[in-house]
K.L.:
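Let me begin by handing over the structure; questions about it come next.
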Amino acid sequence: MRRLLTLIGICLALGGITTAAMPGGTTADWEHVSAPSSVADPADNDHLDVTTADGYIYINTAKPLTIKVYTILGQLVSQAKVPAGISRLKLSTHGIYILKAGSVTRRVTI
């Protein structure tokens, strides 16, 4: 296990995740793509659609949410409050990420 974690750390260091400095952590920039096209069910407070394509993580949410993206080693890659609708985040390094939004946690592979 220790060898695997060391190997993952070396790969991440060589791959270099591009981030910009932010107080309290690092962040990559989220881009708002479109406004919501329909009204979500009020009972479904944490409805969140997550998809990936071409190195982007796409988030479709019915209400503004704070989104946090971590590497599988727990390093914060992005933290931002996204508006309702579709937003996307470009990640320069392919891999497995953990996305947290409200009470929802998802594993994302790029």
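Values reported hereafter were calculated over all heavy atoms of this structure, with side chains retained and with hydrogens, waters and symmetry mates removed.
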K.L.:
Taking the cut-offs as 6.0 angstrom to the six-membered ring centre and 45 degrees off its axis, would you call Arg88 and Tyr58 a cation-pi pair?
P.N.:
no
K.L.:
Can Tyr97 and Thr71 be said to form a side chain to side chain contact (heavy atoms under 4.5 Å, CB included), step by step?
P.N.:
CA-CA 5 Å; Tyr97 296 89; Thr71 66; 4.3 Å; yes
K.L.:
Hey, does Tyr70 have a side-chain heavy atom less than 4.5 Å from the side chain of Lys100?
P.N.:
yes
K.L.:
Could you tell me if the side chain of Val108 sits less than 4.5 Å from the side chain of Thr52, heavy atoms only?
P.N.:
yes
K.L.:
State, yes or no, whether a side-chain contact exists between Glu31 and Asp29 at a heavy-atom distance under 4.5 Å.
P.N.:
no
K.L.:
How far does CZ of Arg107 sit from OG1 of Thr109, to the nearest 0.5 angstrom?
P.N.:
4.0 Å
K.L.:
Please give me the minimum heavy-atom distance between Ala84 and Ala62, naming the atom from each residue.
P.N.:
CB-O, 3.5 Å
K.L.:
Can you spot which of Ile96, Leu89, Thr93, Leu91 makes a side-chain contact (heavy atoms from CB on, under 4.5 Å) with Ile110?
P.N.:
Leu91
K.L.:
Going by heavy atoms in the side chains, are Leu48 and Ile59 under 4.5 Å from each other?
P.N.:
yes
K.L.:
Nearest 0.5 Å, what's the CZ-CD1 distance between Arg106 and Ile57?
P.N.:
12.0 Å
K.L.:
How long is the span from the CH2 atom in Trp30 to the NZ atom in Lys90, to the nearest 0.5 Å?
P.N.:
13.5 Å
K.L.:
Going by side-chain contact (heavy atoms from CB on, under 4.5 Å), Ile67 matches just one of Val104, Leu99, Thr61. Which one?
P.N.:
Leu99
K.L.:
Compare all side-chain heavy atoms of Leu76 with those of Lys68 and state whether any distance is below 4.5 angstrom.
P.N.:
yes
K.L.:
For Asp54, does the CG atom sit with more than 12 other heavy atoms under 6.0 Å from it, leaving out its own atoms?
P.N.:
no
K.L.:
Where is the tightest heavy-atom contact between Lys81 and Pro64, given as atom of each residue plus distance?
P.N.:
CE-CB, 3.9 Å
